[in-house]
Amino acid sequence: MSDVPQSLMLNPGAKVPQQKHYGIPFLSQFHLSAGAKGVTAYDIFKDDGEDVNAKITRAIFQLSNTDYFTANQQLEIISFGWRNKRGVYFSGGIYEEFDFITYFPRDLAILAWEGNRDYLDYPFDLGELNVTADLLTVYHFGANTQISDKLTIGARAKVYSSMASVSSTDNRGTFTTSFDDDGVNVYDQTIEDAYVKVQTSGVASFSEKEGFGEMSKALIKRGVFGGNLGLGIDLGVTYDISRQVKATASVIDLGFIYHNKDVETYRAEGDYNLNGIELIFPPLSEGNATIPYYDNLEEELEREIPIDTITKGYVRMRPLQTNVALEYGFGSVFGGEVCDCTNKGSVADWAQ
């Protein structure tokens, strides 16, 4: 796809055949991709007569906490490029992007799907919760130049304007169910060394918006340098090993965003042991009065593991992408004389 100008977005050091390009606003490029590592939609929904619940159960146990689900969407708003007299190709533009990735929380999925009855003394890992989602506008400008007959390099500077962001990483803690050694109750439920944090920006104020129109206006305003800002860079290189073999590599989105507007971070930290509800709370009913059983339990849990709301700004790195490719060209066109067929030149040049 090196003939397409958007190839520069994957590798700013790609070979550029054209002299200039202009994209039709909002129409020149739309990209949507989604994927998973470890399972496919066909594994779950194929029509083979097997119960879908059995397929989900098998998938949960086949997946590991290093498998992931991801989605990415891009909409090109403005795109342009031109080559100067020295042969350097400049390109720039604006695009909107949505990024989502979550690693599979295997322990939590098993707990939610099967419960804890058959997993006594097993410490379910709360640290497997690992998810990020970002909606942002990117303003970019890059330069691409051919250093020699074999080597082409390029770089692209980026300014990020984040419209909304949610992330929960670096969590820890365990949840364990075990038999009660004292014999007073059947089970002990223990949360140990819990630390769970959810960072958000551009999300909390949505509760104050009324309808889709107000939300859209707020997002557009944030996208035009009104959101949380950041900086990044792309780097790329192409090397012709021979006339038929070409190697390319690039690093995309080496950068960060400083979130300091409309920020709310929710953090829960602590330990808790539930040694039978009966030991902590009064009986379920006293006479004709019903005791708010689970309300009391919730209050007890919030006392032991309080949830703090923090409005302090934070820095998040962009999800770094790397691309590497080795290309081999087939056909006699690669074995003949070198011809720059895209450079028409003058009539005299064609006559020669």
key: Test log, rule side-chain hydrogen bond (donor to acceptor under 3.5 Å, both in side chains), inputs D253 and Y160   = CA-CA 10 Å; D253 281 332; Y160 307 112; 2.8 Å; yes
key: Worked check of side-chain contact (heavy atoms from CB on, under 4.5 Å) between I307 and E302   = CA-CA 7 Å; I307 300 176; E302 289 181 354; 5.5 Å; no
request  = Specify the closest pair of heavy atoms between N144 and A14, including all atoms of both residues, with the distance to one decimal.
outcome  = ND2-O, 2.7 Å
CG on D48 to NZ on K55, rounded to 0.5 Å = 3.5 Å
key: Salt-bridge contact E327-K15 (side-chain N to carboxylate O under 4.0 Å)   = no
request  = Give, for atom CG of D99 and atom OG1 of T70, the distance between the pair rounded to the nearest 0.5 Å.
outcome  = 7.0 Å
key: Nearest heavy-atom neighbours spanning F179 and L120   = CE1-CD1, 3.2 Å
note = Closest heavy-atom pair, A204 versus E264, reported as atoms and distance to 0.1 Å, is CB-CD, 3.6 Å
message = To the closest 0.5 Å, what do you measure between CG (D271) and CG (D193)?
response = 6.5 Å
inquiry  = For G93, is there any backbone N or O sitting under 3.5 Å from a side-chain donor or acceptor partner on S79?
reply    = no
note = Output for pair (F175 CZ, T190 OG1), nearest 0.5 Å, gives 8.0 Å
key: Considering all heavy atoms, the nearest N65-E128 contact   = ND2-OE2, 3.2 Å
task = Just say parallel, tilted or perpendicular for the rings of H140 and Y95, cut-offs at 30° and 60°.
result = tilted
ask   = Does some side-chain heavy atom of V39 sit less than 4.5 Å from a side-chain heavy atom of F104?
value = no
T176 OG1 to D125 CG distance, which is reported to the nearest 0.5 Å = 10.0 Å
ask   = Applying the side chain to side chain contact (heavy atoms under 4.5 Å, CB included) test to R222, which of D262, L135, T137, L136 qualifies?
value = D262
Heavy-atom check, side chain of F90 versus side chain of V88, under 4.5 Å = yes
ask   = Linking I/L/V/M/F/W/Y whenever any side-chain heavy atoms sit under 4.5 Å apart, do V4 and L10 land together?
value = no
query = Would R86 and T145 count as having a side-chain donor-acceptor pair, cut-off 3.5 Å?
reply = no
query = Run the side-chain contact (heavy atoms from CB on, under 4.5 Å) check on R267 and D308 step by step: do they pass?
reply = CA-CA 5 Å; R267 184 179 64 191; D308 299 323; 3.9 Å; yes
ask   = For E192, does the CD atom have more than 12 heavy-atom neighbours from other residues, nucleotides or ligands under 6.0 Å away?
value = no
query = Hey, do the aromatic rings of F256 and Y258 have their centres closer than 6.0 Å?
reply = no
message = For the OH atom on Y119, are there more than 12 heavy atoms of other groups (residues, nucleotides or ligands in this structure) within a distance under 6.0 Å?
response = yes
query = With distance as the sole test, does Q244 use its side chain to make a donor-acceptor pair with the main-chain N or O of G329 at under 3.5 Å?
reply = yes
ask   = Is any side-chain heavy atom of F80 closer than 4.5 Å to a side-chain heavy atom of K20?
value = no
query = To the nearest 0.5 Å, how far apart are OG in S161 and CG in N228?
reply = 8.0 Å
ask   = Among side-chain atoms of Y122 and D107, is any donor-acceptor pair under 3.5 angstrom?
value = yes
query = Near I24 CD1, under 6.0 Å, is it more than 12 heavy atoms from other residues, nucleotides or ligands?
reply = no
For the student: nearest non-hydrogen atoms of V198 and S168, plus distance = CG2-OG, 3.9 Å
key: Over 12 non-hydrogen atoms of neighbours within 6.0 angstrom of CG in D170   = no
request  = Quick one: sort the F100 and F98 rings into parallel, tilted or perpendicular, breaks at 30° and 60°.
outcome  = parallel
request  = For atom CD1 of I101, decide whether the heavy atoms of other residues, nucleotides or ligands shown that lie under 6.0 angstrom number more than 12.
outcome  = yes
ask   = Taking C-beta and beyond as the side chain, do I252 and P12 meet within less than 4.5 Å on heavy atoms?
value = yes
ask   = Considering only heavy atoms from C-beta outward, does the side chain of I257 approach that of R316 to under 4.5 Å?
value = no
message = Can you tell me how the ring of H259 sits relative to the ring of Y314, calling it parallel under 30°, perpendicular over 60° and tilted otherwise?
response = parallel
task = Measure the shortest side-chain to side-chain distance between S91 and R156 over non-hydrogen atoms and say whether it is less than 4.5 angstrom.
result = yes
query = Mind checking whether D234 and K158 have side chains closer than 4.5 Å, heavy atoms only?
reply = yes
ask   = Are N323 and S250 close enough that a side-chain donor and a side-chain acceptor fall under 3.5 Å?
value = yes
query = So do H21 and Y89 actually touch side chain to side chain, heavy atoms under 4.5 Å?
reply = yes
Among L219, D134, V224, V203, side chain to side chain contact (heavy atoms under 4.5 Å, CB included) partner for M163 = L219
request  = Could you verify whether a donor N or O on one side chain and an acceptor N or O on the other, from T169 and S167, lie under 3.5 Å apart?
outcome  = no
